[in-house]
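Remarks on the structure that follows.
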Amino acid sequence: MTVHAQHGQPRKVMVEAQEVCKHYGPLEVLKGINLKVHQGEVVCIIGPSGSGKSTLLRCMNHLEHVNAGRLYVDGELVGYRQEAHKLYELKPSEVCLRRRDIGMVFQHFELFPHMTALENLCLAPTVVLKRARAEVEREALEMLQRVGLSDRAGYYPSQLSGGQQQRVAIARALTMNPKIMLFDEPTSALDPELVGEVLKVMRDLAASGMTMVVVTHEMGFAREVADRVVIMDGGRIIEDGPPADIFSNPRSERARTFLERLLA
Ligand SMILES: Nc1ncnc2c1ncn2[C@@H]1O[C@H](COP(=O)(O)OP(=O)(O)OP(=O)(O)O)[C@@H](O)[C@H]1O
């Protein structure tokens with residue numbers, strides 16, 4: 001599928017998986033994944049527990065090795081550097097460089113507990129990018145405002161609700177000015193009444209044109225915000241299409257059963 005932007009130019013492909021396989025010992029977790037995510041697209045990945053959703057996302061962020069197939073993020077082969085038709089495995093420092101452009105938000109926030117919200121936001125830009133503290137702090141405060149937390153800059157994670165912590169985690173990822181954002185079940189650990197505030201921040205981000213891959217159980221979000229919904233089952237993609245098609249007319253029996261159970 002070629003997605004065309006407003007001016008007729010084909011949109012850049014931000015993620016491309018070609019027959020991606022991943023196993024943990026004898027356990028095959030990804031069994032030949034083919035997927036494309038274009039710039040500015042929001043793709044939601046849904047599917048039963050253990051179907052490989054998080055593993056696929058973690059492969060995109062260099063947190064897991066792909067065992068077979070090829071995975072490209074922003075045009076670069078994950079895990080490898082190509083030179084004169086030869087592939088070299090990335091060194092840890094090169095992995096860090098690649099990760100700068102990829103923002104990731106986890107289920108359990110993963111904030112540094114001994115740092116305030118503001119300090120959490122300032123850490124990577126000052127330490128990794130070696131940017132001037134004053135400028136980084138100003139931008140971090142703007143970012144906190146964007147997620148509705150300008151009055152919580154001096155609070156530690158333990159003094160914030162789960163929803164607030166997750167919004168800080170999103171703001172933290174954005175301080176690195178990523179080209180793509182990966183969300184791994186960002187609302188699963190939250191009390192139901194806190195889910196909405198995090199989804200609102202994600203909706204705003206989607207509206208700003210950010211490329212997003214979101215593993216989620218939030219069907220309302222997938223239905224209303226996603227450009228495409230991908231259903232995984234048993235390490236394979238069994239559906240990939242616009243939410244209206246996927247939810248109203250799933251092609252496979254397995255997808256239909258999964259959606260019926262989920263929406264029951
Ligand atoms: N580090 C690991 N070592 C061994 N097995 C793993 C590891 N990580 C994941 N698995 C296994 O891989 C399979 C896929 O896990 P994954 O977390 O990707 O699924 P998921 O679809 O995201 O599930 P959930 O919705 O429950 O989070 C599961 O059977 C899981 O137990």
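As a basis for the values below, the full set of heavy atoms in this structure was taken, side chains included, without hydrogen atoms, waters or symmetry mates. Order of listing sets the numbers, starting from 1, for every ligand and every atom in it.
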When you measure from [atom] to every protein heavy atom, which one gives the shortest distance, and what is it?
atom	result
atom 11 (C) of ligand 1	L27 CD2, 3.8 Å
atom 12 (O) of ligand 1	V29 CG2, 3.2 Å
atom 17 (O) of ligand 1	S54 CB, 3.6 Å
atom 10 (N) of ligand 1	Y24 CE1, 3.5 Å
atom 25 (O) of ligand 1	K53 NZ, 2.8 Å

Taking the minimum heavy-atom distance to atom 18 (O) of ligand 1, which of L56, T55, L30 ranks first?
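It is T55 that holds the nearest heavy atom.
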Show the nearest heavy-atom pair for residues V66 and A68, with the distance to one decimal.
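Looking at all heavy atoms of both residues, the shortest contact is CG1-O, 3.1 Å.
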Considering all heavy atoms, the nearest M210-V42 contact
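Closest pair (atom of M210, atom of V42, distance): O-CG2, 4.3 Å.
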Is atom 31 (O) of ligand 1 in close reach of the protein, with a heavy atom under 4.0 Å away?
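So atom 31 (O) of ligand 1 lacks protein heavy-atom neighbours under 4.0 Å.
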Heavy atom of G47, distance to ligand 1 below 4.0 Å
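Contact check G47 vs ligand 1: negative.
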Are any of the heavy atoms in G235 under 4.0 Å away from ligand 1?
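Flag not set, G235 not near ligand 1.
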Can you hop from V225 to M212 via hydrophobic side chains spaced under 4.5 Å?
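Same hydrophobic cluster.
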For S51 and D233, test the side chains for any donor-to-acceptor distance below 3.5 angstrom and give the result as yes or no.
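Side-chain D/A pair, S51 to D233: absent.
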Indicate whether the side chain of N34 and that of Q18 have a donor and an acceptor atom separated by less than 3.5 Å.
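N34 vs Q18: no donor-acceptor pair found between side chains.
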Using the rule given for side-chain contact (heavy atoms from CB on, under 4.5 Å), can you reason through M143 versus E139, listing the C-alpha separation, both sets of side-chain angles and the distance that settles it, and then say yes or no?
CA-CA 6 Å; M143 210 59 84; E139 283 179 16; 5.7 Å; no
Counting both backbone and side chain atoms, is some N or O of [X] under 3.5 Å from an N or O of ligand 1?
X	result
E64	no
G52	yes
G50	yes

Do K22 and Y24 form a cation-pi contact, if we require the NZ or CZ to be under 6.0 Å from the six-membered ring centre and within 45 degrees of the ring's axis?
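Flagged: K22 positioned over aromatic ring of Y24.
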Charged tip of R223 within 45° of F247 ring normal and under 6.0 Å:
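Geometry flag: set, cation within 6.0 Å and 45°.
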Interfacing atoms of ligand 1 (cut-off 4.0 Å, heavy-atom, [X]):
X	result
P48	21 (O)
S49	23 (O), 24 (P), 25 (O), 26 (O)
E185	24 (P), 25 (O), 27 (O)

Single hit among L259, V215, V230 for side chain to side chain contact (heavy atoms under 4.5 Å, CB included) with I46:
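That would be L259; it is the only one of L259, V215, V230 passing the side chain to side chain contact (heavy atoms under 4.5 Å, CB included) with I46.
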Is the backbone of K91 close enough, under 3.5 Å, to the side chain of E94 for a donor and an acceptor to pair up by distance?
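Flag set: sc E94 to bb K91 pair under 3.5 Å.
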